[in-house]
Amino acid sequence: MTNQPTIVKVVGPLVVAKGMKHAKMNEVVRVSKEKLVGEVIELHGDEGSIQVYEETAGVGPGEPVELTGATLSVELAPGLLEQFYDGIQRPLKLIEEKAKSQYITRGIEAPGLDRDRKWDFEAIASSGDEVAEGDILGTVQETTLIEHKVMVPPGKGGTLKDIKSGSFTIEDTIATIKVDGKDEDIMMLQKWPIRVPRPTGKKLLPTEPLATGMRVLDTLFPIARGGAGAIPGPFGAGKTVTQQSLAKFADAQVIVYIGCGERGNEMTDVLKEFPELEDPNTGEPLMKRTVLIANTSNMPVAAREASVYTGITIAEYYRDMGYDVALMADSTSRWAEAMREMSGRLQEMPGEEGYPAYLGSRTAGFYERTGACECLGTDERRGSLTAIGAVSPPGGDFSEPVTQNTLRVTKVFWALDAKLTYKRHFPSINWLQSYSLYTEALENFYSKEVAEDFSKNRTRTSEILQQESKLEEIVRLVGTEALSPKEQLTLDVAKMIREDFLFQNALDPVDAYTSIKKQYRMMRAILLFMDTALPVIDQEDFDFLRVQKLIVKEDITKCSFIPEEGMEAEFDKIEDKIRSQMAGLKESGAETKTVSEEPVATA
Amino acid sequence: MSTAYKTVTDIAGPLMMVEGIEGVTYDELCEIELVDGSKRLGKVLDARSDLAVVQMFEDAKGATTEGTKVRFLGRTFEIGVSEDILGRVFSGSGKPIDGGPEIVPEKKLDINGAPINPYSREYPDDFIQTGISTIDVLNTLVRGQKLPLFSGAGLPHNQIAAQLARQMRVLSPEEVEKGKGISDEQRGESDEKFAVIFAAMGVTFEEAQFFQNELEKTGALSRAVLFVNTADNPVVERIATPRLALTVAEYLAYEKDYHVTVLLTDMTNYCEALREVSAARKEVPGRRGYPGYLYTDLATLYERAGRVRGKNGSITQIPILSMPEDDITHPIPDLTAYITEGQIYIDRGLHQKGIYPPIIPMGSLSRLKPKAQGEGKTRADHSGMDAQLTAAYARGVEVRELAVILGESSLSETDKAFLKFAERFENEFIRQGPTENRSIYESLSIGWDLLTEIPREELKRVKDEYIDKYLPKK
Ligand SMILES: Nc1ncnc2c1ncn2[C@@H]1O[C@H](COP(=O)(O)OP(=O)(O)OP(=O)(O)O)[C@@H](O)[C@H]1O
Ligand SMILES: [Mg+2]
């Protein structure tokens with residue numbers, strides 16, 4: 001009796017129990033008569049602190065705590081895709097069925113994966129093979145998009161004694177491996193502790209971009225496959241719209257989307273939209289490659305803390321199969337706040353703004369789990385895990401601890417800017433403040449796969465935008481008259497870059513996605529406009545308005561709506577038009593044919 | 001009868017420590033009896049084997065460590081509900097204050113509620129007509145949305161909230177089909193059940209009375225429930241007030257099919273109460289002294305809005321908050337906007353110009369509007385009109401600033417047109433009477449009329465087909 005752990009204190013999601021000598025750190029425990037799920041997060045002699053993943057109202061001292069011996073883990077096997085989980089991998093649909101209510105009631109047990117469903121397992125390895133950890137034993141067609149690779153679990157390499165194809169549940173034995181002289185039955189189901197990174201082979205430097213279809217990202221601030229990016233911004237600036245856009249269009253094979261401490265309706269929206277939206281690359285419903293995790297702001301705060309780990313462990317599992325996986329977490333600030341809340345209840349020494357001193361190391365630890373790598377196994381397959389975290393700084397002030405700690409470890413910074421939102425410039429990503437540290441690593445890829453001068457054009461585009469901000473300063477002080485024709489042209493071209501290229505409406509079905517090749521052509525057309533205009537405006541007494549009035553400018557404005565198919569020919573036409581209209585301006589008297597009748601606004 | 005403990009050892013602000021207790025649970029409700037026999041409610045914030053920290057919902061004035069008795073009630077804070085609750089007025093802690101009898105409850109519900117499963121939600125997409133042009137056209141309110149009013153001291157947020165409560169309704173299919181509003185008389189009584197729930201936290205007596213009178217005047221009081229905590233009522237009681245209101249709302253919406261509108265005013269006072277408790281507990285404060293869990297706490301209130309699959313009712317939430325020093329980066333508006341689905345921004349500048357309702361398009365946003373505007377919801381030209389008016393007004397305001405520096409004569413013809421548009425927009429579109437109830441179709445017509453000020457080639461956000469159809473010929 002004395003050994004039975006018993007609650008001695010309850011404060012919100014923190015429960016302290018005594019009799020915890022035999023408990024392990026991060027062990028899953030069942031708290032109180034209601035058997036609420038909890039995790040041991042601190043041990044002091046006989047006493048242990050537990051963070052509880054469900055509401056603790058009505059729980060009190062004297063109630064029992066049950067040790068389970070297991071660490072907080074996720075279940076990994078076919079059936080993860082298309083699922084909609086809470087922060088501790090309980091399917092929300094199953095919770096609804098069991099609760100018989102729209103409310104998440106307490107003490108509901110809901111396994112992450114269906115135990116009864118049968119999958120067609122096709123063996124690839126054969127009896128007698130020597131298999132190493134990570135080697136592919138066989139495959140299951142999990143969805144129309146993803147072939148699930150059933151791998152030798154870490155630590156289970158040996159001689160394959162038996163393996164069979166057929167229809168199996170995830171707990172059926174599909175193979176037997178002799179590991180260190182002992183026969184071990186292997187089933188498709190693996191469990192993995194969420195706070196421990198899954199092992200990989202050699203880490204590789206990222207060399208390929210993760211195309212996103214968003215022009216400002218792909219062209220100016222690209223993220224690499226296996227990279228880590230942060231998207232901080234004040235409320236309403238576009239974090240969620242951007243993250244959802246990435247989940248739709250990012251050129252990855254598997255998407256893990258974590259709604260961490262944000263709105264319920266946003267997850268409902270994704271859940272409704274994704275099964276209907278087609279993957280631009282395959283035409284299949286997007287949901288077939290997606291795992292959704294939602295621990296919304298009103299759900300228990302401790303499970304919010306766990307949700308990002310649940311998500312990244314599932315993402316790693318698909319990376320291990322050799323897939324390119326992309327993970328979005330919206331918003332990592334809510335995760336940090338959950339840590340802060342637990343730390344406060346534990347009465348730990350607070351760091352900056354009340355966040356625990358380990359905020360930095362936890363953040364780094366999370367993003368450390370991204371990367372491109374050779375997967376575990378002998379076939380040298382490669383996988384990658386890209387993570388993009390939204391950050392919600394209080395008051396939109398980027399100097400706060402979560403933003404700063406995140407920027408220290410992410411290599412891409414997409415800075416959302418309230419001023420742009422205010423002007424309804426979308427995506428409101430500030431082109432002067434944002435950066436990508438991958439541009440050099442990706443240069444080779446772009447020049448081979450897109451165009452030789454892709455990187456050169458990017459650099460020029462950035463420069464024009466920087467010049468614009470300097471020139472605007474001058475204009476504010478002394479007005480436009482003081483500008484040379486060349487400077488005026490720079491301002492005009494910068495405006496074209498902003499309005500016709502960077503502006504992109506995520507809610508418009510055509511505009512929402514632009515291939516990288518088309519982005520290149522759009523950019524090139526604008527730069528060609530500049531290059532051909534330069535000698536024109538250099539002419540003596542040339543009236544600059546004539547360049548501004550060129551009809552071809554309207555064609556450039558409409559570029560984003562040119563359909564992907566056959567776009568090269570369209571752009572060739574536009575470029576021809578630019579050249580001929582500019583040439584027209586060089587020969588005097590040609591203006592009537594090339595110049596639009598309508599007056600041009602000068603705002 | 002449970003044990004009455006006389007072991008209060010410490011009283012600090014709204015907190016009380018009780019020792020030598022047994023079987024107390026977290027969040028348990030307790031009754032505190034003072035020496036003079038008066039009773040107060042409290043709840044357990046920290047439950048230990050031999051000690052409980054209790055937060056009182058009422059004033060600690062007159063409380064003594066000796067002689068005070070604490071009884072733990074074996075349940076959390078609950079409210080008894082039945083449909084008879086409609087038409088009643090309660091204190092901020094749920095006691096009837098209208099002289100009427102106690103509610104005979106059909107059931108008792110925990111005021112903390114439980115989180116709605118995101119899988120069980122239905123995405124809100126039904127247009128609500130408020131009769132206010134700046135909301136209906138530009139910041140469309142959707143049934144089941146949480147859309148706060150961001151205001152400041154001395155601004156007419158109460159009038160606007162009352163006008164909303166009075167005028168909110170959905171369109172009939174006939175109206176949508178014909179693209180024309182019909183008057184209340186012609187429309188007759190709708191067979192939908194609707195209710196207004198009003199939670200006042202720390203507002204003045206006049207303000208509370210204002211709402212009650214407004215509801216009474218229009219005969220809406222019989223469909224309303226009021227929870228009133230005024231400025232002279234206990235501060236910590238306010239922590240319970242919105243939860244009581246939302247619990248009743250959930251009961252009416254999801255069990256009795258009501259479309260419920262919940263007005264919560266003033267959220268700033270609610271947050272002050274949280275800060276007070278947090279300070280008394282000596283918690284590490286977050287920004288500006290507010291507790292680090294303010295976001296989570298507010299979310300557990302605001303997220304109790306919405307629609308649920310398979311249920312007819314809905315909860316639309318309109319929290320009202322006054323921004324300290326009109327500062328939108330203050331933690332209360334900031335964290336609110338991080339949770340709600342947009343915000344309606346009440347502007348001091350417009351108010352000073354004498355414009356009612358001073359709702360400014362810049363800074364205001366309804367995030368759910370795309371799905372509630374357009375064909376089948378309002379009219380096909382709606383979203384284009386929204387974008388065009390917003391853009392044109394923004395430009396007009398820019399021109400106005402320019403004109404101040406450079407003089408009006410230096411403006412181009414186009415700029416002058418935008419300037420005139422902005423003036424008319426403020427006076428004809430934004431400005432309307434406190435009882436003026438415009439149909440969305442009237443509002444759109446005003447919009448089209450205003451657009452005649454602008455050169456046709458500048459109308460880039462509305463489609464040509466709608467221009468041809470709706471733009472009045474000059
Ligand atoms: N790329 C875009 N295209 C079109 N509209 C956009 C875009 N980005 C943002 N918006 C508009 O801005 C609104 C707010 O965007 P979003 O919900 O993504 O903000 P957020 O940064 O996630 O805010 P919060 O921190 O409050 O969650 C959207 O509802 C939409 O109207
Ligand atoms: Mg968001």
Side-chain angles (χ1 to χ4, degrees), chain A residues 7-12 16 55-62 84 92-93 95-96 99 101-106 234-236 259 261 263-265 267-269 271-272 294 296-301 334 337-338 340-341 344 350 353-354 392 394-397 422-424 507 598-599 601-603, chain B residues 23-28 45-49 76 110 112-124 254 283-287 292-293 295-296 299-300 303-304 306 308-309 311 329 331 334-335 337-339 341-342 362-363 365 367-368 370 390-391 394-395 398-399 412 414-415 457-458:
Chain A
I7 298 176
V8 294
K9 174 177 167 176
V10 187
V11 230
V16 180
E55 180 53 52
T56 53
V59 174
F84 186 33
L92 285 158
K93 180 169 183 228
I95 293 182
E96 184 191 76
S101 152
Q102 71 268 26
Y103 298 114
I104 300 177
T105 46
R106 295 193 302 186
F235 66 77
R263 301 171 184 83
N265 277 333
M267 295 313 291
T268 313
D269 194 23
L271 197 62
K272 205 172 125 186
T296 54
S297 56
N298 54 338
M299 285 159 75
V301 69
R334 309 301 169 218
E337 283 162 10
R340 174 169 70 184
E341 188 170 339
E353 291 190 21
S392 316
D397 174 6
Y422 200 77
K423 291 186 195 155
R424 303 267 197 269
L507 309 175
E598 288 177 354
T602 51
Chain B
V24 170
T25 66
Y26 175 69
D27 213 26
E28 186 171 350
L45 290 184
D46 185 338
R48 303 187 198 176
S49 307
T76 51
D110 182 342
N112 288 316
I116 295 183
N117 188 333
Y119 179 76
S120 310
R121 283 184 189 267
E122 187 81 73
Y123 198 81
Y254 305 136
E283 288 170 338
V284 182
R287 272 205 317 154
Y293 48 80
Y295 172 85
T296 301
T300 57
E303 280 286 317
R304 291 172 84 175
V308 166
R309 195 171 0 90
K311 305 274 179 182
T329 67
D334 187 52
L335 295 181
Y338 266 126
I339 305 163
E341 287 142 349
M362 289 81 118
L365 174 70
R367 301 205 196 174
L368 301 187
T390 310
R395 173 131 176 226
E398 254 177 53
V399 173
S412 71
T414 319
D415 281 351
E457 68 274 6
E458 290 289 335

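Naming convention: chains lettered A, B, ... in sequence-line order (proteins, then strands); numbering from 1 in each chain.
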Engineer: Is the backbone of A/G261 close enough, under 3.5 Å, to the side chain of B/Y295 for a donor and an acceptor to pair up by distance?
Structural biologist: yes

Engineer: Side chain of A/R424, backbone of B/T390: donor and acceptor closer than 3.5 Å?
Structural biologist: no

Engineer: Rounded to the nearest 0.5 Å, what separates atom CG in B/N117 from atom OH in A/Y103?
Structural biologist: 11.5 Å

Engineer: Kindly compute the distance separating CZ (A/R263) from CZ (B/R367), expressed to the nearest 0.5 Å.
Structural biologist: 4.0 Å

Engineer: Let me know if B/A337 has heavy atoms under 4.5 Å from chain A in its side chain, its backbone, both or neither.
Structural biologist: both

Engineer: With a 4.5 angstrom heavy-atom cut-off, could you sort out which part of B/L45 is near chain A: side chain, backbone, both or neither?
Structural biologist: backbone

Engineer: Can you tell which part of A/P394 gets under 4.5 Å to a heavy atom of chain B, answering side chain, backbone, both or neither?
Structural biologist: both

Engineer: Against chain B, label A/I104 side chain, backbone, both or neither, depending on which of its atoms sit under 4.5 Å from a heavy atom there.
Structural biologist: both

Engineer: When you measure from the side chain of B/R48 to the backbone of A/G60, do you find a donor-acceptor pair of N or O atoms at a distance under 3.5 Å?
Structural biologist: no

Engineer: If only atom types and distance count, is the side chain of B/D415 paired as donor or acceptor with the main-chain N or O of B/V399 below 3.5 Å?
Structural biologist: no

Engineer: Quick one: what part of A/T105 sits under 4.5 Å from any heavy atom of chain B, side chain, backbone, both or neither?
Structural biologist: neither

Engineer: Among A/T296, A/D397, A/V59, which residue has the highest count of heavy-atom pairs closer than 4.5 Å to chain B?
Structural biologist: A/V59

Engineer: Would you mind checking which part of B/Y123 comes under 4.5 Å of any heavy atom in chain A, side chain (CB onward), backbone (N, CA, C, O), both or neither?
Structural biologist: both

Engineer: Is it the backbone or the side chain of A/V301 that comes under 4.5 Å from a heavy atom of chain B, or both, or neither?
Structural biologist: side chain

Engineer: Using non-hydrogen atoms and a 4.5 Å limit, figure out which bit of A/R106 sits close to chain B: side chain, backbone, both or neither.
Structural biologist: neither

Engineer: Looking only at heavy atoms and a cut-off of under 4.5 Å, which of A/L271, A/T56, A/I7 has the most pairs with chain B?
Structural biologist: A/T56

Engineer: Name the member of A/A338, A/S392, A/P300, A/G396 that forms the most heavy-atom pairs with chain B at distances under 4.5 Å.
Structural biologist: A/S392

Engineer: Side-chain contact test, heavy atoms from C-beta onward, threshold under 4.5 Å: evaluate it for A/I95 versus A/F84 and give yes or no.
Structural biologist: no

Engineer: To the closest 0.5 Å, what do you measure between CG (B/D27) and CD (A/E55)?
Structural biologist: 6.5 Å

Engineer: Which one wins on heavy-atom pair count under 4.5 Å against chain B: A/K272, A/E96, A/R340?
Structural biologist: A/E96

Engineer: Tell me, for B/R287 versus chain A, whether the close heavy atoms (under 4.5 Å) come from the side chain, the backbone, both or neither.
Structural biologist: side chain

Engineer: Can you tell which of A/E353, A/K93, A/M267, A/M299 has the highest number of heavy-atom pairs within less than 4.5 Å of chain B?
Structural biologist: A/K93

Engineer: What part of B/R309 is in contact with chain A, defined as an atom under 4.5 angstrom from a non-hydrogen atom: side chain, backbone, both or neither?
Structural biologist: side chain

Engineer: Pick from B/A391, B/P124, B/G342, B/P370: which one has the most heavy-atom pairs with chain A under 4.5 Å?
Structural biologist: B/P124

Engineer: Of the backbone (N, CA, C, O) and the side chain (C-beta and beyond), which part of A/E341 lies under 4.5 Å from a heavy atom of chain B, both, or neither?
Structural biologist: side chain

Engineer: Does a donor on one side chain sit under 3.5 Å from an acceptor on the other, for A/E337 and B/Y293?
Structural biologist: no

Engineer: Checking B/E398 against chain A: side chain, backbone, both or neither under 4.5 Å from a heavy atom?
Structural biologist: neither

Engineer: Is a donor from one side chain sitting under 3.5 angstrom from an acceptor on the other, for A/N298 and B/T300?
Structural biologist: no

Engineer: Could you have a look at A/L507, A/V10, A/T268 and say which one has the most heavy-atom pairs with chain B under 4.5 angstrom?
Structural biologist: A/V10

Engineer: With chain A, which of B/E283, B/E28, B/E341, B/K311 has the greatest number of heavy-atom pairs at distances under 4.5 Å?
Structural biologist: B/E341

Engineer: Can you check whether B/V308's main-chain N or O pairs, donor with acceptor, with B/S120's side chain at less than 3.5 Å?
Structural biologist: no

Engineer: Distance-only, no hydrogens or angles: does the B/E303 side chain make a donor-acceptor pair with backbone N or O of A/G264 under 3.5 Å?
Structural biologist: yes

